[in-house]
Each structure stands twice: as C-alpha cells, then as structure tokens.
Amino acid sequence: MIRKIIFLFLVTTSVLTAQSDMTKGFGLLEQGNFQEAELFFGEYLKEDPNNKTAKLCYGRAVGLSGEPKKATNLFSELLKEYPGDFEILINYNESFLWAKEYEQAKPLYADLVEKFPEKFGAVLGYANTLSNLKEYKSALSWVEKAIALQPENESAKISRKFMRLGYANSFVNNQQYKKGEQTLKKVFEDFPNDKDVLLNLANLYLIIKQGDKAKNMYARYATNQKDSITALNGIALAEHINENDKEALRISKTATVKVDQIDDVPLTESTYDRYVQALIWNRKFMTAKKKIDSLEVHYQNRNWIHALRATLGLYTGDAKSSVKSYDRILANDSASFDGNLGKANALFASDRIIPAYKMANQTLKFYKNQKDAKGFIEKLNLMHTPTVEEHAAYTFDNGNNTAFFTNTTVDVPFSTKFKTTLSYLYRTTENTVTVNKANSHVVVAGLHYKLFPKGLLKANVGINNSRFLDDSYTQPVIDIKLDLQPFKMQNLTLGYQREVQNFNAELIEREIIQNHYGLNYNLGTNVNFGWYTQLMHTQQSDENVRNLLFTSLYYNVLRKPALKMGLNYQYITFKDQVPTIYFSPKKYQAVEIFADVRGKISEETTYAVSAATGIQKVEEDPNTNIFRAEASVNHQFSKRFSSSVYAKYSNIASATAAGFEFTEIGLKAKWLFLKKPLFHKKLNFD
C-alpha cells in the first residue's frame with residue numbers, strides 16, 4: 001500500500017503562513033509537483049541558506065521526487081542544528097518510508113511516539129510504518145489512537161481503510177475467510193460502498209465459490225459506464241463458478257459491446273480476456289482460437305494473450321503448447337502468478353510431475369500461503385502417498401452360484417516414477433444346488449514404472465492357489481500393461497495377462513488357464529465425441545481360443561453433472577463350443593445404447609450411475625434383450641480416507657432362452673496411511 005503522508009507537511013505549514021514568499025513552494029508540495037518544488041526551494045535557499053522551513057520543504061521535495069536517501073541526509077544535518085526538533089524528526093522518520101526502509105523506520109517512530117504521544121503526525125506515521133510491515137493488528141491499534149487525537153482527520157481514516165484491506169487480505173491468504181469478510185465490511189463504516197472494498201469482497205466470494213454474493217458486490221460497484229463493464233466481467237466469472245457457462249458467455253459478449261464504445265485500453269484488454277475465457281468454458285475452441293489470433297495482432301506479447309493460449313491448450317489436450325505459452329509469460333514477468341502456477345498445471349497435464357512440484361513451490365516463494373498453489377502441491381502429495389485399498393463384494397447369479405471375495409491392495413510410491421504394489425485376493429464360491437464349493441487365494445506383487453511422460457509400464461506377478469473338495473493346485477498369474485499416449489487426446493494400452501478362471505466352483509475345479517493378449521484404444525475429441533475400442537485374443541489351457549471386439553462411440557452431453565451417452569457393439573467368437581462348461585459360442589454379437597452420469601451430491605459425496613440396454617444374438621438363436629446397470633456412491637470422509645458402495649446387474653451374454661443374470665453388491669475403501677509421500681523430504685526446491 002502506497003502512502004503519501006501529506007499531513008506531515010501541513011503540520012509544518014501551520015507555523016509558516018506568515019512567510020508569503022514561500023507560499024508558491026508550499027502549493028507545489030501540496031499539489032504533488034515535487035520536482036518543481038525542489039527547484040523552487042533550492043533557489044530560495046541561495047537567498048536564505050539558513051532558513052529552517054525552507055530546508056525542511058527542500059528535503060521533502062527531494063525525498064518525494066525520488067531521492068529519499070538524499071532527503072534523509074538533509075534531515076540528519078538539520079537535526080544536528082536543531083536536536084530534538086519534532087518537525088525535523090518526523091520528516092527524518094518519514095524519509096525512511098519514502099525509501100521503503102520500514103524496518104529502519106519502526107524503532108525511530110516507536111521512539112518518537114514515546115516522546116510525543118499526543119502528536120497526531122507521529123502516531124499516524126507509526127501506524128503506517130507498522131502497516132507497511134504487515135503488522136496489521138498493531139497498526140490498527142495505533143491508527144485508532146491517531147483518530148482519537150483528530151476524529152475527523154480524513155488521512156487517518158484513509159490509512160485505516162488500507163490497513164483493513166491489507167489485514168483482510170492476510171486473512172484470505174490464510175483461508176480465514178470469515179475474518180477477512182468482517183474486516184472488509186468494517187471499512188463501510190467510514191466509506192459506504194467503497195469500491196476497493198466491493199471488489200475485494202467480490203473476489204473473496206469468488207474464492208469461496210459464493211457466486212451470487214459476488215454478483216451482488218459487482219452490482220453495487222457498477223455506478224458508471226466504466227465500472228459497469230468491470231462489474232460485467234466479474235459477474236461473468238461468478239456465473240462460471242456457479243456453473244452457468246452459457247450465461248457467462250452472454251454477459252461477456254455484452255461487456256465487449258459496451259467496451260467498444262469507450263477508449264480505455266486496460267479495460268478493453270480485461271474485457272476481451274474474459275470474453276475469450278468464456279468461449280473456452282463453453283468449448284467453442286475454434287472461435288476462441290480465431291479471436292486470440294485477432295487480438296494478438298493488436299496486443300503483441302501481452303501476458304493475458306499468452307495466458308489465453310495456454311488455457312486453450314489445456315482445454316484441448318495440448319499441454320505442451322501451454323507450457324510454451326506460460327514460459328513466454330515468465331520471460332516477461334518472472335513473478336507472474338498466472339505464469340508460475342499456470343505452468344505448474346501445464347507440466348502436470350504433461351505428466352512431468354517433478355517440474356510441476358518445482359513451479360508450484362516457486363509460486364509460493366512469490367505468493368506466500370497462496371491457496372491454489374498449496375492446494376496444487378497437496379494434490380500432488382495425495383497422488384503419491386502410500387495407500388491401502390480394500391474391496392469386498394458378494395455376487396450371485398441365476399445359475400445358483402454365489403461368491404464372496406475380498407481384495408486388499410497396498411500401493412507404495414517411492415518416487416514420482418516408481419511405485420510398488422502388493423495385493424491379496426480371497427474368493428470363495430459355491431453352487432447351492434450341487435453344493436460344489438471352491439476357494440482361491442491370489443497374491444500378486446508388482447511395480448509401476450514411468451518410462452517417460454505419458455508412458456507407464458505396469459508389471460504384476462503372483463500365484464493363484466485354488467482349493468476344491470479334497471484337491472488343490474497352484475498356478476502363476478501375470479499381468480503386464482504398457483499405457484501410452486501416442487498423440488494428444490489419445491490413449492493406448494497394450495497388455496498381456498495370465499489368469500485362472502475362478503468365476504464359479506466348476507470352473508475353478510477344471511483349472512482353466514487363460515492367456516489374454518489385448519489392446520485398448522481411446523480417442524477423444526474437442527467436439528465432445530469419443531471412440532473406445534478393445535481387442536482381445538485369448539488362448540486357454542483347454543486349447544480353446546477366444547477373440548473379442550468391443551467398440552463404443554460416445555458423446556459427452558453435459559459437463560456438470562458429467563453425462564455421457566453412446567452406442568456399444570460387442571463381438572465374441574470361440575474356436576470350440578463347450579456350452580455345458582462355460583459360455584463359448586461360435587459367434588456372439590450385442591448392440592446396446594448406454595448412458596453414464598456422474599456428479600456431486602455434496603462437496604464430499606459423489607455418485608455414478610450407468611445403464612445400457614439393447615439386443616444380443618448367440619449364434620443362430622433368436623435375438624434377446626439385454627440390460628445392465630451399475631450405481632455407486634463415494635464419500636470422502638477426510639483427505640486421507642474415502643469409501644464407496646456399489647451394486648451392479650447384468651444379463652448380457654445369454655446362452656439359453658431363460659437368460660443369464662448376474663448381480664454384485666460391493667464395498668470399497670481407500671486409506672492413505674502416511675501423511676506425505678515417502679520421497680517428500682527429497683523434494684528440495686530451494
């Protein structure tokens with residue numbers, strides 16, 4: 001906060017009114033024409049070199065025109081002539097404020113108010129010094145003392161206003177939002193509808209996602225043509241926070257029409273900045289790109305233009321271009337908040353985790369305790385903190401099979417690239433008609449290693465011990481996958497898996513080993529369409545062979561809640577048909593339409609529901625209807641513990657006219673059993 005303590009000059013002028021030949025110089029000082037005042041009093045001192053008042057005024061003019069240290073020396077010399085003189089002392093102290101040497105000024109003012117506790121200028125100067133040092137509580141205490149000395153003094157009230165603004169900002173930075181709000185509202189006692197306060201309150205409400213309150217502040221702010229445009233820009237952001245992106249775009253468009261009618265470059269830039277943001281929020285990416293290109297012709301190398309390009313890149317899956325745009329921002333301003341934290345997010349989107357950590361910490365060096373930067377680091381920490389997951393479920397089908405299983409998995413990341421995993425699965429199954437029982441114990445250990453950004457190798461190896469009646473066997477199990485992103489918005493998984501059939505007791509008893517060779521491919525687009533395909537070739541120990549194709553064309557209908565709808569097609573063929581043992585048609589086809597919706601019940605509770613229906617055809621049998629559905633609810637009890645319940649039903653893969661029905665009810669829980677990643681202490685970014 002910048003302060004010009006003009007009242008100190010007025011203190012001295014109260015005893016100088018008789019000296020009319022210096023009146024012009026006093027006026028120049030009071031009007032802020034400091035360089036002219038310096039020339040005036042410099043000339044005056046040639047005629048009257050020992051005039052104390054002229055020396056004081058010359059020192060003020062020198063200091064306020066940009067040479068505070070020279071002014072300090074001038075006042076220091078004056079103090080040798082007039083030791084203990086209050087007017088000289090207060091100007092001497094103030095010269096340290098001009099030089100922004102607040103630490104040096106603090107003890108000087110403390111000494112001054114001790115000697116002159118009733119001097120308004122000393123008390124207010126001390127308050128302002130403490131405020132500049134961000135010691136707001138003490139500063140406000142001293143400014144109240146100054147106001148008690150001169151209750152109607154406008155300068156003191158202005159100082160108190162800016163102290164409260166600073167104090168409120170410190171509360172907000174420490175996520176003490178209620179205290180910040182209360183502190184801001186106190187300013188209205190002196191300055192009703194103060195515009196600085198209205199903007200600060202609006203920003204606070206945006207931070208805590210109370211968009212309607214923010215809109216109310218902007219409405220109060222809009223008292224003239226320019227301020228109404230600023231208000232519209234803010235209201236558009238509030239609508240985005242309220243998840244009304246279409247309304248945000250409409251308001252932003254209105255603001256651009258209004259700003260085109262006035263000549264205000266900064267306001268024009270901020271208005272078109274918000275308009276392009278609104279285009280991006282509404283996924284009008286081509287329009288946004290064209291507008292950015294057009295704006296860049298008129299506003300070259302502007303950070304807000306670079307930020308728009310970076311945002312567009314993140315929304316369209318081009319994180320690499322976003323990193324380059326943020327680098328341009330940082331080349332212009334290394335302390336830019338958007339540049340530092342924006343680059344951290346872009347690096348994260350590029351799967352470059354350690355550089356993302358570094359940029360987030362860099363942000364905190366410039367912006368201590370900044371909420372978004374701290375939240376980003378916490379997100380990275382939670383992703384790499386060791387976890388224990390438990391999954392238990394009960395299943396039953398219309399073939400009289402029941403099963404219960406529990407699977408415990410421990411994941412331990414040792415770095416952002418390397419993670420180990422250990423899991424134990426116990427499954428018991430029984431046929432209630434044949435009373436055939438069996439159970440399986442599967443222990444698997446694995447490692448995940450990031451070969452390069454967007455390239456992850458997962459290798460799991462273990463043993464499966466299955467027991468039935470009086471017999472048992474042990475078989476190795478293997479699961480190897482390579483996850484890749486060959487191009488932006490495309491994901492490819494190549495994999496091999498060796499597993500033992502354990503769906504029911506009869507299959508466990510037959511010791512059927514399956515070797516799966518698979519490929520999964522997902523193509524996303526910027527026009528809400530997507531395409532997912534799975535190909536799998538399976539060779540079994542009973543010499544049977546299965547080939548599977550599953551493909552899904554889907555459309556993202558809504559973002560919040562996330563609603564996806566589409567069309568699925570599945571084709572399966574087996575070399576040998578053994579229907580009495582397991583479902584193994586020569587040809588099976590299914591076509592279905594599906595819908596998947598995911599959203600929030602509250603800040604801590606989310607839900608997911610999916611359903612599909614269609615027709616299936618087994619070899620030459622008549623078509624039959626199919627239906628499957630799944631629903632789950634997840635609750636985040638704390639940052640380190642969450643759980644969910646789910647249920648699913650399916651009658652897909654009908655082998656008989658009666659059909660096949662399968663139901664599962666389950667519970668999942670996840671606990672981060674350490675507070676931070678194991679490698680946290682090694683993250684030294686100083």
Side-chain angles (χ1 to χ4, degrees), residues 1-19 22 25-32 34 37 41 51-65 68 71-79 81-133 135-136 138-164 166 190:
M1 179 174 57
I2 300 173
R3 292 181 174 81
K4 296 179 181 179
I5 313 176
I6 299 175
F7 64 88
L8 293 176
F9 172 71
L10 298 178
V11 170
T12 64
T13 60
S14 64
V15 296
L16 302 174
T17 53
Q19 303 179 45
M22 282 194 282
F26 300 155
L28 291 170
L29 275 177
E30 192 170 0
Q31 293 162 16
F34 303 123
F41 286 109
N51 188 296
K52 171 190 169 186
T53 300
K55 287 182 177 181
L56 271 174
C57 292
Y58 177 68
R60 286 189 67 80
V62 167
L64 291 169
S65 63
T72 301
N73 293 332
L74 290 171
F75 295 137
S76 180
E77 291 300 316
L78 265 177
L79 281 172
E81 293 183 51
Y82 306 95
D85 183 282
F86 174 74
E87 291 177 3
I88 301 172
L89 282 169
I90 201 164
N91 278 277
Y92 174 73
N93 290 3
E94 191 181 354
S95 68
F96 288 96
L97 301 186
W98 301 334
K100 298 184 179 180
E101 295 178 347
Y102 307 120
E103 290 287 356
Q104 292 90 326
K106 181 180 176 181
L108 297 175
Y109 271 109
D111 183 62
L112 194 64
V113 295
E114 185 176 352
K115 292 177 179 176
F116 303 96
E118 300 302 316
K119 290 288 188 178
F120 173 81
V123 175
L124 185 55
Y126 189 35
N128 280 312
T129 301
L130 293 169
S131 180
N132 278 296
L133 290 168
E135 298 178 22
Y136 295 115
S138 296
L140 284 165
S141 175
W142 279 97
V143 82
E144 295 295 346
K145 294 178 183 179
I147 291 173
L149 293 171
Q150 293 188 18
E152 301 305 318
N153 187 280
E154 193 71 8
S155 294
K157 291 181 180 179
I158 291 172
S159 288
R160 180 166 65 181
K161 165 192 161 178
F162 284 103
M163 289 173 193
R164 283 173 171 165
D190 295 324

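- Once rounded to the nearest 0.5 Å, the distance linking OH of Tyr109 with CG of Asn128 reads 8.0 Å.
- Proximity of Phe34 to Arg60: side-chain heavy atoms (C-beta onward) are nowhere separated by under 4.5 Å.
- With sequence neighbours left out, Asn73 forms a side-chain hydrogen bond (donor to acceptor under 3.5 Å, both in side chains) with no residue at all.
- A distance of 9.0 Å separates CG in Leu56 from CG in Asn51, rounded to the nearest 0.5 Å.
- Evaluation of the side-chain hydrogen bond (donor to acceptor under 3.5 Å, both in side chains) rule for Gln104 yields no partner, not counting sequence neighbours.
- Side-chain atoms of Asn91 come within 3.5 Å of backbone atoms of Glu87 as a donor-acceptor pair (strictly under, hydrogens ignored).
- Considering CE of Met163 and CG of Asn132, their distance stands at 8.5 Å, rounded to 0.5 Å.
- Between Tyr92 atom OH and Leu78 atom CG the span is 12.0 Å, to the nearest 0.5 Å.
- A side chain to side chain donor-acceptor pair (under 3.5 Å) check over residues 116-126, counting only residues at least two apart or in different chains, returns nothing.
- One N or O on the side chain of Ser159 and one on the backbone of Ser155 form a donor-acceptor pair closer than 3.5 Å.
- With rounding to the nearest 0.5 Å, the separation of CZ in Phe75 from OG in Ser95 is 6.5 Å.
- In this structure Glu103 satisfies the side-chain hydrogen bond (donor to acceptor under 3.5 Å, both in side chains) test with no other residue, sequence neighbours excluded.
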Stepwise side-chain contact (heavy atoms from CB on, under 4.5 Å) test for Trp142 and Val113: CA-CA 10 Å; Trp142 279 97; Val113 295; 3.8 Å; yes
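- Remark: Thr129 pairs with no residue by the side-chain hydrogen bond (donor to acceptor under 3.5 Å, both in side chains) rule, at least two apart or across chains.
- Using a 4.5 Å cut-off on side-chain heavy atoms (C-beta onward), Thr53 and Phe26 make contact.
- Using a cutoff of 4.0 Å between basic side-chain nitrogens and carboxylate oxygens, Lys52 and Glu81 are not scored as salt-bridged.
- Asp190 has no carboxylate O lying under 4.0 Å from a charged side-chain N of Lys161, or vice versa, which leaves the two without a salt bridge.
- Partners of Lys145 under the salt bridge (charged side-chain N to carboxylate O under 4.0 Å, His left out) rule, at least two apart in sequence or in another chain, do not exist in this structure.
- The two residues Trp98 and Gly59 make their nearest non-hydrogen contact at CZ3-O, 4.1 Å.
- Interatomic distance, OG1 of Thr72 versus CD of Glu101, reported as 7.0 Å (0.5 Å rounding).
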Worked verdict on Glu77 versus Lys55 for salt bridge (charged side-chain N to carboxylate O under 4.0 Å, His left out): CA-CA 10 Å; Glu77 291 300 316; Lys55 287 182 177 181; over 6 Å; no
